[in-house]
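Computed from a predicted structure; not experimentally measured. All values below come from the heavy atoms of this structure, side chains included, with hydrogens, waters and symmetry mates left out. Lettering follows sequence order; numbering is per chain, from 1.
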Number of protein chains: 2
Amino acid sequence: MRRDLAPCCQEQQIHPEALEKVRALLPPDERLYDLAELFKIFGDSTRLKILYALLEGELCVCDLAGLMAVSQSAVSHQLRVLKNSKLVKFRREGKTIYYSLADSHVESILSQGMEHIEE
Amino acid sequence: MRRDLAPCCQEQQIHPEALEKVRALLPPDERLYDLAELFKIFGDSTRLKILYALLEGELCVCDLAGLMAVSQSAVSHQLRVLKNSKLVKFRREGKTIYYSLADSHVESILSQGMEHIEE
DNA sequence: TCTATATATGAGCATTTATTCATATGTTTA
DNA sequence: TAAACATATGAATAAATGCTCATATATAGA
(Lines give C-alpha, C1' and ligand atoms only; values in the text may rest on other atoms or scores of the structure.)
Protein backbone atom coordinates (compact mmCIF):
# COMPACT_ATOMS: atom_id res chain seq x y z
CA MET A 1 0.00 0.00 0.00
CA ARG A 2 3.04 2.22 0.14
CA ARG A 3 3.23 4.80 -2.57
CA ASP A 4 6.33 6.39 -4.00
CA LEU A 5 7.08 10.01 -3.30
CA ALA A 6 7.82 11.15 -6.80
CA PRO A 7 8.72 14.85 -6.87
CA CYS A 8 6.00 16.41 -8.92
CA CYS A 9 6.50 18.07 -12.30
CA GLN A 10 10.21 17.50 -12.53
CA GLU A 11 10.70 15.01 -15.29
CA GLN A 12 8.72 16.95 -17.83
CA GLN A 13 6.92 20.23 -17.78
CA ILE A 14 3.48 19.62 -19.03
CA HIS A 15 3.20 22.61 -21.34
CA PRO A 16 6.59 24.25 -21.80
CA GLU A 17 5.41 26.27 -24.78
CA ALA A 18 2.47 27.76 -22.88
CA LEU A 19 4.82 28.47 -20.01
CA GLU A 20 7.23 30.39 -22.18
CA LYS A 21 4.47 32.46 -23.68
CA VAL A 22 3.07 33.32 -20.26
CA ARG A 23 6.47 34.05 -18.80
CA ALA A 24 7.12 36.64 -21.46
CA LEU A 25 3.86 38.44 -20.72
CA LEU A 26 3.98 38.48 -16.92
CA PRO A 27 4.67 41.77 -15.19
CA PRO A 28 8.08 41.80 -13.51
CA ASP A 29 8.20 40.42 -9.98
CA GLU A 30 8.87 43.80 -8.45
CA ARG A 31 5.73 45.19 -9.99
CA LEU A 32 3.64 42.25 -8.83
CA TYR A 33 5.00 42.81 -5.37
CA ASP A 34 4.01 46.48 -5.42
CA LEU A 35 0.58 45.63 -6.73
CA ALA A 36 0.07 43.10 -3.94
CA GLU A 37 1.05 45.79 -1.45
CA LEU A 38 -1.63 48.04 -2.90
CA PHE A 39 -4.38 45.44 -2.72
CA LYS A 40 -3.35 44.58 0.82
CA ILE A 41 -4.38 48.12 1.74
CA PHE A 42 -7.87 47.46 0.41
CA GLY A 43 -8.01 44.14 2.25
CA ASP A 44 -9.13 45.51 5.59
CA SER A 45 -12.68 46.54 6.39
CA THR A 46 -11.64 49.46 8.59
CA ARG A 47 -9.62 50.98 5.78
CA LEU A 48 -12.38 50.25 3.26
CA LYS A 49 -14.85 52.06 5.46
CA ILE A 50 -12.55 55.05 5.65
CA LEU A 51 -12.19 55.10 1.88
CA TYR A 52 -15.92 54.80 1.29
CA ALA A 53 -16.57 57.59 3.77
CA LEU A 54 -14.09 59.85 2.02
CA LEU A 55 -15.81 59.25 -1.30
CA GLU A 56 -18.40 61.74 -0.08
CA GLY A 57 -15.84 64.40 0.75
CA GLU A 58 -13.20 65.27 3.28
CA LEU A 59 -13.54 64.32 6.94
CA CYS A 60 -11.43 64.86 10.03
CA VAL A 61 -9.99 62.09 12.19
CA CYS A 62 -12.63 62.57 14.87
CA ASP A 63 -15.40 62.23 12.33
CA LEU A 64 -13.89 59.02 11.03
CA ALA A 65 -13.41 57.61 14.51
CA GLY A 66 -17.01 58.46 15.33
CA LEU A 67 -18.21 56.78 12.16
CA MET A 68 -16.58 53.50 13.00
CA ALA A 69 -16.58 51.55 16.21
CA VAL A 70 -12.85 51.89 16.67
CA SER A 71 -10.57 54.15 18.64
CA GLN A 72 -9.02 57.37 17.42
CA SER A 73 -5.67 55.65 17.60
CA ALA A 74 -6.76 52.85 15.31
CA VAL A 75 -8.10 55.31 12.76
CA SER A 76 -4.93 57.33 12.93
CA HIS A 77 -2.77 54.26 12.37
CA GLN A 78 -4.86 53.26 9.37
CA LEU A 79 -4.79 56.76 7.96
CA ARG A 80 -1.05 56.60 8.03
CA VAL A 81 -1.14 53.40 6.03
CA LEU A 82 -3.47 55.00 3.50
CA LYS A 83 -1.30 58.09 3.37
CA ASN A 84 1.87 56.06 2.77
CA SER A 85 0.18 54.36 -0.17
CA LYS A 86 -0.84 57.73 -1.58
CA LEU A 87 -4.51 56.83 -1.39
CA VAL A 88 -5.43 59.76 0.83
CA LYS A 89 -4.11 63.24 1.35
CA PHE A 90 -4.69 65.72 4.14
CA ARG A 91 -4.75 69.36 5.01
CA ARG A 92 -4.48 70.98 8.40
CA GLU A 93 -6.89 73.61 9.66
CA GLY A 94 -5.96 74.62 13.16
CA LYS A 95 -6.00 71.58 15.39
CA THR A 96 -8.09 69.64 12.94
CA ILE A 97 -6.71 67.58 10.08
CA TYR A 98 -8.96 66.83 7.15
CA TYR A 99 -8.38 63.74 5.06
CA SER A 100 -9.59 63.21 1.53
CA LEU A 101 -9.03 60.80 -1.32
CA ALA A 102 -5.82 61.41 -3.24
CA ASP A 103 -6.47 59.29 -6.27
CA SER A 104 -9.32 58.84 -8.68
CA HIS A 105 -8.49 55.15 -9.03
CA VAL A 106 -9.77 54.45 -5.55
CA GLU A 107 -13.37 54.72 -6.62
CA SER A 108 -12.96 52.48 -9.66
CA ILE A 109 -11.04 49.83 -7.74
CA LEU A 110 -13.75 49.80 -5.08
CA SER A 111 -16.56 49.53 -7.59
CA GLN A 112 -14.91 46.76 -9.59
CA GLY A 113 -14.54 44.78 -6.38
CA MET A 114 -18.12 45.48 -5.40
CA GLU A 115 -19.33 44.21 -8.74
CA HIS A 116 -17.61 40.92 -8.16
CA ILE A 117 -19.15 40.62 -4.70
CA GLU A 118 -22.62 41.35 -5.99
CA GLU A 119 -22.17 38.93 -8.89
CA MET B 1 4.99 69.84 31.98
CA ARG B 2 2.21 67.33 32.53
CA ARG B 3 -0.51 67.30 29.94
CA ASP B 4 -4.07 66.20 30.45
CA LEU B 5 -5.28 63.02 28.88
CA ALA B 6 -8.53 64.26 27.46
CA PRO B 7 -10.41 61.53 25.57
CA CYS B 8 -10.54 62.76 22.03
CA CYS B 9 -13.68 63.73 20.13
CA GLN B 10 -16.09 63.03 22.95
CA GLU B 11 -17.48 66.34 23.96
CA GLN B 12 -18.52 67.39 20.50
CA GLN B 13 -18.42 65.74 17.14
CA ILE B 14 -16.76 68.13 14.80
CA HIS B 15 -19.06 67.70 11.86
CA PRO B 16 -22.16 65.78 12.89
CA GLU B 17 -24.07 66.77 9.78
CA ALA B 18 -21.35 65.45 7.44
CA LEU B 19 -21.22 62.31 9.54
CA GLU B 20 -24.92 61.64 9.17
CA LYS B 21 -24.78 62.14 5.44
CA VAL B 22 -21.86 59.75 5.10
CA ARG B 23 -23.37 57.19 7.41
CA ALA B 24 -26.44 56.96 5.24
CA LEU B 25 -24.38 56.32 2.12
CA LEU B 26 -21.94 53.76 3.49
CA PRO B 27 -22.33 50.15 2.36
CA PRO B 28 -23.48 47.90 5.20
CA ASP B 29 -20.75 46.47 7.40
CA GLU B 30 -21.28 42.95 6.15
CA ARG B 31 -20.69 44.07 2.59
CA LEU B 32 -17.55 45.97 3.54
CA TYR B 33 -16.31 42.86 5.25
CA ASP B 34 -16.92 40.72 2.16
CA LEU B 35 -15.22 43.30 -0.01
CA ALA B 36 -12.18 43.33 2.26
CA GLU B 37 -12.05 39.55 2.00
CA LEU B 38 -11.98 39.85 -1.77
CA PHE B 39 -9.17 42.40 -1.84
CA LYS B 40 -7.20 40.31 0.65
CA ILE B 41 -7.06 37.65 -2.05
CA PHE B 42 -5.41 40.10 -4.42
CA GLY B 43 -3.00 41.18 -1.69
CA ASP B 44 -0.46 38.43 -2.19
CA SER B 45 2.11 38.37 -4.96
CA THR B 46 1.94 34.61 -5.43
CA ARG B 47 -1.78 34.77 -6.06
CA LEU B 48 -1.38 37.82 -8.28
CA LYS B 49 1.14 35.97 -10.38
CA ILE B 50 -1.24 33.06 -10.74
CA LEU B 51 -4.03 35.39 -11.82
CA TYR B 52 -1.83 37.20 -14.33
CA ALA B 53 -0.64 33.91 -15.76
CA LEU B 54 -4.20 32.71 -16.18
CA LEU B 55 -5.08 35.87 -18.08
CA GLU B 56 -3.34 34.24 -21.03
CA GLY B 57 -5.36 31.04 -20.80
CA GLU B 58 -5.71 27.90 -18.74
CA LEU B 59 -2.69 26.27 -17.08
CA CYS B 60 -2.21 23.18 -14.95
CA VAL B 61 -0.80 23.16 -11.44
CA CYS B 62 2.60 21.95 -12.60
CA ASP B 63 2.84 24.78 -15.10
CA LEU B 64 2.00 27.30 -12.41
CA ALA B 65 4.48 25.82 -9.96
CA GLY B 66 7.13 25.92 -12.67
CA LEU B 67 6.35 29.51 -13.41
CA MET B 68 6.92 30.63 -9.86
CA ALA B 69 9.68 29.90 -7.44
CA VAL B 70 7.39 28.10 -5.04
CA SER B 71 6.48 24.50 -4.37
CA GLN B 72 3.60 22.61 -5.90
CA SER B 73 2.03 22.51 -2.48
CA ALA B 74 2.10 26.27 -2.09
CA VAL B 75 0.50 26.74 -5.48
CA SER B 76 -2.15 24.21 -4.65
CA HIS B 77 -2.97 25.93 -1.39
CA GLN B 78 -3.29 29.27 -3.13
CA LEU B 79 -5.40 27.82 -5.90
CA ARG B 80 -7.79 26.63 -3.26
CA VAL B 81 -8.04 30.14 -1.89
CA LEU B 82 -8.71 31.49 -5.38
CA LYS B 83 -11.24 28.75 -6.01
CA ASN B 84 -13.10 29.47 -2.77
CA SER B 85 -13.39 33.11 -3.79
CA LYS B 86 -14.75 32.09 -7.18
CA LEU B 87 -11.90 33.80 -8.95
CA VAL B 88 -10.72 30.66 -10.75
CA LYS B 89 -12.39 27.53 -11.99
CA PHE B 90 -10.92 24.20 -13.04
CA ARG B 91 -11.47 21.17 -15.19
CA ARG B 92 -9.87 17.76 -14.91
CA GLU B 93 -8.28 15.98 -17.84
CA GLY B 94 -6.87 12.69 -16.68
CA LYS B 95 -4.36 13.29 -13.93
CA THR B 96 -3.99 16.92 -14.88
CA ILE B 97 -6.16 19.72 -13.58
CA TYR B 98 -6.41 22.91 -15.61
CA TYR B 99 -7.19 26.17 -13.90
CA SER B 100 -8.61 29.25 -15.57
CA LEU B 101 -10.14 32.57 -14.58
CA ALA B 102 -13.75 32.37 -13.52
CA ASP B 103 -14.65 36.01 -13.56
CA SER B 104 -14.26 38.84 -16.00
CA HIS B 105 -13.83 41.30 -13.14
CA VAL B 106 -10.42 39.91 -12.35
CA GLU B 107 -8.81 41.61 -15.30
CA SER B 108 -10.39 44.99 -14.61
CA ILE B 109 -9.53 44.90 -10.91
CA LEU B 110 -5.92 44.07 -11.78
CA SER B 111 -5.64 46.81 -14.35
CA GLN B 112 -7.18 49.47 -12.12
CA GLY B 113 -4.63 48.58 -9.46
CA MET B 114 -1.81 48.63 -11.98
CA GLU B 115 -2.82 52.09 -13.11
CA HIS B 116 -2.48 53.38 -9.60
CA ILE B 117 0.95 51.82 -9.24
CA GLU B 118 2.16 53.28 -12.48
CA GLU B 119 0.75 56.72 -11.60
C1' DT C 1 3.26 79.93 29.54
C1' DC C 2 -0.19 76.74 31.05
C1' DT C 3 -4.23 74.09 29.67
C1' DA C 4 -7.26 71.81 26.54
C1' DT C 5 -8.03 69.53 22.31
C1' DA C 6 -6.86 66.99 17.80
C1' DT C 7 -3.84 63.95 16.02
C1' DA C 8 0.31 60.80 15.77
C1' DT C 9 3.14 57.11 17.27
C1' DG C 10 5.83 53.31 19.75
C1' DA C 11 5.41 49.02 22.25
C1' DG C 12 3.07 44.92 23.25
C1' DC C 13 -0.24 41.38 22.22
C1' DA C 14 -3.32 38.42 19.81
C1' DT C 15 -4.73 36.89 15.40
C1' DT C 16 -4.12 35.88 10.71
C1' DT C 17 -1.57 34.02 7.03
C1' DA C 18 1.81 31.96 3.65
C1' DT C 19 4.95 28.59 3.35
C1' DT C 20 7.08 23.91 3.98
C1' DC C 21 6.96 19.07 5.05
C1' DA C 22 4.80 14.88 5.05
C1' DT C 23 1.28 12.35 3.41
C1' DA C 24 -3.28 11.46 1.32
C1' DT C 25 -6.29 11.14 -2.81
C1' DG C 26 -7.33 10.34 -7.52
C1' DT C 27 -6.15 8.80 -12.20
C1' DT C 28 -3.55 6.28 -15.71
C1' DT C 29 -0.86 2.59 -17.36
C1' DA C 30 1.72 -1.65 -17.09
C1' DT D 1 -3.77 -4.51 -8.84
C1' DA D 2 0.53 -2.27 -8.24
C1' DA D 3 3.37 1.52 -9.57
C1' DA D 4 3.86 6.25 -11.17
C1' DC D 5 2.38 10.76 -11.38
C1' DA D 6 -0.67 15.11 -10.65
C1' DT D 7 -2.88 17.30 -7.23
C1' DA D 8 -4.80 18.18 -2.48
C1' DT D 9 -4.49 18.74 2.37
C1' DG D 10 -3.39 18.80 7.55
C1' DA D 11 -0.09 20.27 10.91
C1' DA D 12 3.52 23.19 12.26
C1' DT D 13 6.03 27.38 12.08
C1' DA D 14 7.51 31.98 11.08
C1' DA D 15 6.20 36.42 9.64
C1' DA D 16 2.96 40.05 9.05
C1' DT D 17 -0.76 42.76 10.81
C1' DG D 18 -4.40 45.36 13.41
C1' DC D 19 -5.76 46.69 17.70
C1' DT D 20 -5.18 48.86 22.43
C1' DC D 21 -2.76 51.47 25.77
C1' DA D 22 0.12 54.97 27.02
C1' DT D 23 2.20 58.90 25.67
C1' DA D 24 4.12 62.35 22.43
C1' DT D 25 3.37 66.31 19.34
C1' DA D 26 1.02 70.31 17.47
C1' DT D 27 -2.11 74.07 17.71
C1' DA D 28 -5.31 77.38 19.94
C1' DG D 29 -6.77 80.15 23.63
C1' DA D 30 -6.66 82.09 28.38
Side-chain angles (χ1 to χ4, degrees), chain A residues 1-15 32-33 36-37 39-50 58-66 68-85 88-99, chain B residues 1-15 32-33 36-37 39-50 58-66 68-85 88-99:
Chain A
M1 204 48 93
R2 260 183 150 271
R3 288 150 183 269
D4 269 342
L5 303 180
C8 172
C9 320
Q10 299 233 338
E11 321 221 332
Q12 59 190 46
Q13 296 288 358
I14 308 258
H15 309 94
L32 287 175
Y33 187 78
E37 288 303 303
F39 283 124
K40 242 173 243 177
I41 310 293
F42 287 83
D44 175 81
S45 56
T46 299
R47 287 190 292 262
L48 280 186
K49 202 164 187 173
I50 292 175
E58 68 178 11
L59 289 172
C60 71
V61 179
C62 278
D63 289 338
L64 288 167
M68 299 174 262
V70 291
S71 66
Q72 174 269 324
S73 176
V75 171
S76 202
H77 277 297
Q78 298 301 359
L79 283 170
R80 181 160 55 137
V81 173
L82 293 169
K83 197 167 52 180
N84 288 343
S85 315
V88 303
K89 59 184 194 290
F90 65 96
R91 69 180 179 89
R92 176 183 281 275
E93 190 175 307
K95 286 177 292 189
T96 308
I97 298 190
Y98 293 93
Y99 281 85
Chain B
M1 204 48 94
R2 265 187 146 269
R3 286 152 185 269
D4 269 343
L5 303 180
C8 172
C9 319
Q10 298 232 340
E11 321 224 330
Q12 60 191 46
Q13 297 287 355
I14 309 257
H15 309 92
L32 286 175
Y33 187 78
E37 288 303 303
F39 283 124
K40 244 174 240 175
I41 309 294
F42 287 82
D44 175 83
S45 56
T46 298
R47 287 191 292 261
L48 279 186
K49 203 165 188 172
I50 292 175
E58 67 177 12
L59 289 172
C60 71
V61 180
C62 278
D63 290 338
L64 289 167
M68 297 173 263
V70 290
S71 65
Q72 173 269 324
S73 177
V75 171
S76 202
H77 278 295
Q78 298 300 359
L79 283 170
R80 182 161 52 139
V81 173
L82 293 169
K83 196 167 54 182
N84 289 342
S85 314
V88 303
K89 58 185 197 286
F90 65 97
R91 70 181 178 86
R92 176 182 280 277
E93 190 175 305
K95 285 177 293 191
T96 308
I97 298 188
Y98 293 92
Y99 281 85

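Considering CD of B/Glu58 and CD1 of B/Ile97, their distance stands at 12.0 Å, rounded to 0.5 Å. Remark: A/Ser85 OG to A/Lys40 NZ distance equals 11.0 Å, nearest 0.5 Å. Taken from SG in A/Cys60 to CZ in A/Arg92, the straight-line distance is 12.0 Å, to the nearest 0.5 Å. Taking CD1 of A/Ile50 as the reference point, atom CD1 of A/Ile41 lies at 11.0 Å (rounded to 0.5 Å). Between atom CG of residue A/Asp44 and atom OH of residue B/Tyr33 there is a gap of 10.0 Å, rounded to the nearest 0.5 Å.
Between B/Leu64 atom CG and D/dA8 atom P the separation is 10 Å, expressed in whole Å. Note: CZ (A/Phe39) to P (C/dT17) measures 18 Å, nearest angstrom. Rounded to an integer number of Å, the gap from CG of A/Leu82 to C1' of D/dG18 is 13 Å. We find that CZ of A/Phe90 is positioned 12 Å from P of C/dT7, with the value rounded to whole Å. In this entry the distance linking CD1 of B/Ile50 with C1' of C/dA18 reads 12 Å, nearest Å. Atom CD1 of A/Ile97 and atom P of C/dT9 are 9 Å apart (whole Å). The nearest whole Å value for the distance from the CZ atom in B/Arg80 to the P atom in C/dA24 is 17 Å. One atom, CD of B/Glu58, and another, P of D/dA6, lie 17 Å apart when rounded to the nearest Å.
Nucleic acid contact for B/Tyr99: sugar-phosphate only, since backbone atoms but no base atoms lie under 4.0 Å from a heavy atom of the residue.
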Query raised in the report: Are A/Tyr98 and A/Thr96 close enough, and set up right, to give a side chain to side chain contact (heavy atoms under 4.5 Å, CB included), and what steps lead you there?
Result: CA-CA 6 Å; A/Tyr98 293 93; A/Thr96 308; 3.7 Å; yes
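For B/Leu48, the side chain to side chain contact (heavy atoms under 4.5 Å, CB included) partners two or more places apart in sequence, or in a different chain, are A/Leu32, A/Leu35, A/Ala36, A/Phe39, B/Phe42, B/Leu110.
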Could you list the donor-acceptor pairs under 3.5 angstrom formed by side chains in residues 73-82 of chain B, with sequence neighbours left out?
| unit_1 | atom_1 | unit_2 | atom_2 | d |
| --- | --- | --- | --- | --- |
| B/Gln78 | OE1 | B/Arg47 | NH1 | 2.7 |

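Note on A/Ser76: every side-chain N or O is 4.0 Å or more away from OP1 and OP2 of C/dT7. Side-chain nitrogen and oxygen atoms of A/Arg92 include none within less than 4.0 Å of the OP1 or OP2 phosphate oxygen of D/dA26.
Closest to the side chain of B/Thr96, from the set D/dA6, C/dT7, D/dA8, is D/dA6. Of the candidate nucleotides D/dA22, D/dG18, C/dT19, C/dT19 has the atom lying nearest to any side-chain atom of B/Ala74. Closest to the side chain of B/Gln72, from the set D/dA8, C/dA8, C/dT27, is D/dA8. When the nucleotides C/dT28, D/dT17, C/dT19 are ranked by their closest atom to the side chain of B/Thr46, C/dT19 comes out on top.
Projected onto DNA chain D by closest heavy-atom contact, A/Gln78 and A/Lys95 fall at different nucleotides, the more 5' of which corresponds to A/Gln78. Mapping A/Lys83 and B/Lys40 onto DNA chain C via the closest heavy atom, the residue that lands nearer the 5' end is A/Lys83.
For B/Ser73 against C/dC21, a side-chain-to-base donor-acceptor contact under 3.5 Å is present.
Look at B/His77 and the base of C/dT19; the rings do not stack under the cut-offs of 5.5 Å between centres and 30° between planes.
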Query raised in the report: How does DNA chain D look in dot-bracket notation if pairs are Watson-Crick or G-U with both distances under 3.5 Å, crossing ones as [ ], other-strand ones as |?
Result: ||||||||||||||||||||||||||||||
